[in-house]
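For reference, the structure is listed below as structure tokens.
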Amino acid sequence: QVQLVESGGGLVQPGGSLRLSCAASGFLLDYKTIGWFRQAPGKERERVSCMRSSDGSSSYTDSVQGRFTISRDNAKSTVYLQMNSLKPEDSGVYYCATEMGYGSSCFLGYSSGMDYWGKGTLVTVSS
């Protein structure tokens, strides 16, 4: 069965960094799209970043462009989200999700098109 398990969240001061990990099992990471979404209290879930593992293409929400980097380690079946220069508005629950087919829901920003989700990891940026 498909499972996604996020880790790496925590409390960090503004300007600090965190690296989130998403351990995937039950499918081959190489051929699927995996993305990171986040949801702050009182706000809708938004797409943060996507990566199509087959070719390594990626996309980012404008607000994190230049600060966040998505990457993968196929041998470890793990996707990472390196977050630098964190801001309080980056706070929220970060979810890893995968699109099993060859659609482009993640790249288009449609969370409803993602097929499997992790339970999330909480990121809090505060002094």
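Partners of Val12 by side chain to side chain contact (heavy atoms under 4.5 Å, CB included), not counting sequence neighbours, listed by chain and number: Leu18, Leu86, Val125. Scored by the salt bridge (charged side-chain N to carboxylate O under 4.0 Å, His left out) test, Arg19 finds no partners at all (sequence neighbours excluded). Applying the side chain to side chain contact (heavy atoms under 4.5 Å, CB included) criterion to Val93, with sequence neighbours excluded, gives Tyr95, Leu122. Remark: Ser105 engages Glu99 in a side chain to side chain donor-acceptor pair (under 3.5 Å) (not counting sequence neighbours). Listed by chain and residue number, Gln82, Asn84 satisfy the side chain to side chain contact (heavy atoms under 4.5 Å, CB included) test with Ser17 (two or more places apart in sequence, or in another chain). Looking at residues two or more places apart in sequence or on another chain, you find a side chain to side chain donor-acceptor pair (under 3.5 Å) between Asn74 and Arg72. Residues that satisfy the salt bridge (charged side-chain N to carboxylate O under 4.0 Å, His left out) test with Glu89, not counting sequence neighbours, are absent from this structure.
Asp90 places none of its side-chain heavy atoms less than 4.5 Å from the side chain of Met83. At a threshold of 4.5 Å between non-hydrogen side-chain atoms, the residues Cys96 and Ile34 count as touching. Within the 4.5 Å cutoff, the side chain of Ser49 has no heavy atoms near those of the Val64 side chain.
For the pair Ser85 (side chain) and Gly15 (backbone), a donor-acceptor distance under 3.5 Å is absent.
Closest approach of Gln1 to Gln3, counting heavy atoms only: NE2-NE2, 2.8 Å. Between Gly35 and Cys106, the closest heavy-atom pair is CA-SG, 3.7 Å.
Taken together through direct or relayed side-chain contacts under 4.5 Å among Ile, Leu, Val, Met, Phe, Trp and Tyr, Met114 and Leu4 form parts of separate hydrophobic clusters. Residues Val79 and Val2 fall within the same hydrophobic cluster, defined by Ile, Leu, Val, Met, Phe, Trp and Tyr side chains chained together at heavy-atom separations under 4.5 Å. Following chains of ILVMFWY side-chain contacts shorter than 4.5 Å, one cannot reach Leu11 starting from Leu20, and the two form parts of different hydrophobic clusters. Under the 4.5 Å side-chain contact rule for hydrophobic residues, Val5 and Phe37 do not share a cluster. In the hydrophobic clustering of this structure, Trp36 groups with Met100; members are Ile, Leu, Val, Met, Phe, Trp, Tyr whose side-chain heavy atoms approach within less than 4.5 Å, directly or through other members.
Applying the side-chain hydrogen bond (donor to acceptor under 3.5 Å, both in side chains) definition to pairs two or more places apart or across chains, none involves residues 5-15. The disulfide (SG to SG under 2.5 Å) contacts involving residues 51-92 comprise nothing, where partners must be two or more places apart or lie in separate chains. Note on residues 45-58: pairs passing salt bridge (charged side-chain N to carboxylate O under 4.0 Å, His left out), not counting sequence neighbours, are Arg38-Glu46. Note on residues 39-88: no pairs pass ring-ring contact (aromatic ring centres under 6.0 Å, His included), not counting sequence neighbours. Residues in residues 107-127 take part in no side-chain hydrogen bond (donor to acceptor under 3.5 Å, both in side chains) pair, two or more places apart or across chains.
Of the inter-residue distances, the one linking Ser59 atom OG with Phe107 atom CZ reads 5.0 Å to the nearest 0.5 angstrom. Rounded to the nearest 0.5 Å, atoms SG (Cys22) and OH (Tyr94) are 14.5 Å apart.
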